[in-house]
Amino acid sequence: MVLEPVRAERLKEVARAHRTPWTMLMITLVAAYVHRVSGSPELALGLPVTGRRTELARRTPGMLSNVVPLRLRVDADATSAGLLAAVVAETRQGLRHQRTRYEDVCRDLGLAETERRITAPLVNIMAFTPGMRFCGFPTTQHNLSNGPVEDLAVGVYDLGPEGGLRVDFDAAPEVCDIAAVASHQDRFVRFAEQVLDHFELPLSGVRLLGPDERRQVLEEWTGARREVGRLTLTDRFEEQARLRPGARAVVFEGRELSYGELNERANRLARHLTEAGLGRGDLAGILLDRGIDFAIALLAVVKTGAGYALLDPEFPDGRLAGTAADAGLRLLVTDGRHRARVTGPWRTVIVDAERELIADRDPADLGIELSADDVACVMFTSGSTGKPKGILSSHRNLVSTLTAQTYATFGPEETFLQCSPVSWDAFSLEFWGALLHGGTTVLQPGQRPEPALVSALSQRHGVTMLQLSSSLFNYLTDEHPDTFTTTRIVYTGGEPASPTHIHHLQRLHPQLTITNGYGPAESMGFTTTHTIEPSDEVRSTVSIGRPLTNKHAYVLDTHLKPTPPGTTGELYLTGDGIAHGYLAQPTTTATRFIPNPYGPPGTRLYRTGDQAHWDTQGNLHYTGRTDTQIKIRGFRIEPTEIETVLTTHPHITQATLVHDIHLTAYVVAAPGSAPSPAALRGWLRERLPEHMVPAQFAVLDRLPLTPNGKIDKRALPTVDLPLTASGRQPRTELEEIVRTLISDVLGSSAPLSIDDGFFDHGGHSLLAARLTNRISTTLGVTLTLRDVFQHPTPATLARRIADCSGRPALTPLTRAASRPEFLPLSFAQQRLWLVAGLSGGDSAYNVPMAVRLEGEPDIDALRAAFGDVVARHEPLRTRFATVDGTPCQVIAPPTEAPWFEVRSVTSEALDTELLAAAGHCFDLAAELPCGSRSSAPVRAGTRFSCCSTT
């Protein structure tokens, strides 16, 4: 792109007004643009320099050029003028150190060769004098390449008063989207023109997007609207019961209920609950194992006009009690098995004990009027304040996710498997997705997805839709690929999808539609989806797609301005899926649910904390988090909540968490006490769900701190999973087999004892599923996940099976006092030699330059001039040789002629010849590393082109 002469002159005028060179202003414009598109308050640009500060240096042959890092702080309210002053100061400071090698800086930072990208982008301003003449003839200069680009390089060329400034964006295809880079180049020129016209305007007020891009990211790509009719769960379900009373609604362990039967039994229980005081606007807790009674209770609660809070029986009693108290329940629906686990001021209905009373109630619909905005449920998720957050979702939120959609097929012919935990919002699609449209929901026994059961139930009942966390999807693809025999569509979500597993499953089941879904609980289930088309190659990433009908998504920067395609920002959601907020947490609600500047008055945006970007096709791509929230097997976890619970331990004063392969807790104990990891693990299991209990613990004297007083997590020591030093060895053949299977599944570096706990050594629910599968294959015994949780050591699990069966530091560089017999290669030469050896010939390090001359040149004079340049500079006469396995330099005498070739070509073949010359692969052991090819078109008159390559 070219900054027109008028604009280039405007740039120079602004620079003169601020008494700085125009080159400093150009660096400022690049920094301002990078700040706006990245949102980063701290930048590290690279400034290429010649490294020749003295006349002697300028006359000394050799490679002295370097890259100077420019570290710039850009405040949120920064202006272009303020940033210009910072650039001038930082550049002057950096140029004092331009002889400090960039490679040495990287080495001192401990970075490996592949990690040496401490600056991006490079800003290379080449203020060459325009109108260069060659042999007395005028030339047109073309820069073909500046050598390897590791990330992004911005080149600026002065084309003279009549040409303006040319701006080139060069990018490495391995790390950059070339199409997106081209868009950035166009957008930068537009951005620079705005800044120059309004130089005192805050950078946040400068628009990045043109009209077309703005329309795309704010209108075309953000989701469609459609009328969906009645928006309450009760209306939708009762309509299906009237239309299809005999159709199968719920299946559980051989038992079935039709829509008519399910509706009548739910009506009876609903009247019983109403008599107990439950009504519209209340909340009822449901603490029941997954099954027929659970399905009836859930429908009965919404028929009373109340909202439901599903209490997961797998959670510890302390967690259940706290959740129930925070919800402010009016009533609890449970059974005799769980009635004693949670007590409080609410009325409790024991469904099994009161079954006869319930059966005597009227089976007719209650007819309670509800609105779409009435609360349908409250879901509790991990909270950043140290306690769970209750998400208040309405009937509109649930129904709109499952109605008038194109991402799934809903209807009487569909069978859904409900296997997700009831504490996960995926439950809603599996349960309500079937019952609101006349389909069938098959309930999996147990509270956690059992891969073997998922596989068996899917095939037995002809399940057509499966929703799986990415971890479970991967596991079933690896271990139970026959799960998908009858399935028409499978969803993977909750975590980044695995392209490898998706590709593998598509090859196994070509008829299967695989969809990647995204959506936080605050937007009720899926908010965006992407159907993955089969391909011959494994994709590098998988998009999270586009918003669903009546749901909308925006990618915004820190000033709530839309970001361009290819630029990462924070993902904001709005539409019919957005929850009311957090139960009894107005401050947190106001922080996360904010006014929508791009929608009708009164609408809100939900700030997800997820980072994402649009691609040029209008699909969203997830790139990470803005905070410390993590996902483990589909469960959302706030480390702060676990840290808060840990610090309530009587002997713990500080705690922090790190998530890598496992969740690791680092704690500081009170003086005189040091609880063991086993004690801490057991204490947490009484208060937190299994997926929130760290696999590893470390008790430290103190937590390392950064200079500004924050915990330095990079300085925390590595924690190994300890084995029980005094644990017993296997006593029977069965114990030996079980111990071996557990050690293999966990990937233990050494065999466990029979007293080592599976979950104390990194085990979790999916590894437990893999263990049960291995046990079934090896011993022919079928176990459940509950068996592994209740019998976690090899010894106890063997008893259960018996019951069920018959880099080194771099040396410093030193200057040689005299030239040795064999000259070693410089760092740059070593890199060039290594790359050439690995690739077998490569043009990546070529630095070609092409010039076009007008007139008839003196070929002999041109050849002699080229030879003079080569004779003057030894690097241009250097070949590489290997002596005793060590590469060294062989410098040819100045009399040796370099490669110089003259050809006559047609006009049509000229570009091809120039590109061939630019891409010439040098044989470093046989050729001098430079050459020239001169091409004269056959009928081109006095036009003459020359390409010189080094």
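Hydrogens, waters and symmetry mates play no part in the numbers below; they use all other heavy atoms, side chains included.
H649 places a side-chain N or O within 3.5 Å of a backbone atom of H651 that can act as its donor or acceptor partner.
Defined by atom type and a distance below 3.5 Å, a donor-acceptor pair is missing between the side-chain atoms of Y666 and Q654. H338 and D289 form a side-chain donor-acceptor contact under 3.5 Å, judged by distance and modelled atom types alone. Side-chain contact of E495 with S471: a donor-acceptor pair under 3.5 Å is present, judged by distance alone. Using modelled atom types and a 3.5 Å distance limit, the side chains of T477 and N474 yield no donor-acceptor pair. Side-chain contact of R290 with Q418: a donor-acceptor pair under 3.5 Å is present, judged by distance alone. Between S455 and S458, the side chains place no donor N or O within less than 3.5 Å of an acceptor N or O (distance only, hydrogens not considered). For the residue pair D756 and S753, a side-chain donor N or O sits within less than 3.5 Å of a side-chain acceptor on the partner. Counting only N and O atoms by type, the side chains of Q729 and R739 include a donor and acceptor under 3.5 Å apart.
Geometrically, R687 engages W683 in a cation-pi contact, judged by NZ or CZ lying under 6.0 Å from the ring centre and within 45° of the ring axis.
Residues L288 and V351 meet the side-chain proximity criterion, which asks for heavy atoms closer than 4.5 Å. Between N773 and Y475 the shortest side-chain heavy-atom distance falls below 4.5 Å. Using a 4.5 Å heavy-atom threshold, the side chains of I391 and V378 count as separate.
Looking at R800 and E735, no side-chain N of the basic residue comes within less than 4.0 Å of a carboxylate O on the acidic one, giving no salt bridge. A salt bridge is absent between R685 and E690; no separation between the charged side-chain nitrogens and carboxylate oxygens falls under 4.0 Å. A salt bridge links D627 and R625; the closest N-O separation between the charged side-chain nitrogens and carboxylate oxygens is under 4.0 Å.
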Verdict with reasoning, F759 to F789, per ring-ring contact (aromatic ring centres under 6.0 Å, His included) = CA-CA 8 Å; F759 299 99; F789 276 96; 4.5 Å; yes
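The side-chain hydrogen bond (donor to acceptor under 3.5 Å, both in side chains) with T492 is formed by just one residue from the set S470, S469, S498; it is S470. With L476 as the fixed residue, the side-chain contact (heavy atoms from CB on, under 4.5 Å) test singles out one of D482, L466, L505, L468: L468.
Taking the six-membered ring for Trp, Y518 and F526 have ring centres at least 6.0 Å apart.
Surrounding CZ of R341 are more than 12 heavy atoms belonging to other residues, nucleotides or ligands, all under 6.0 Å away.
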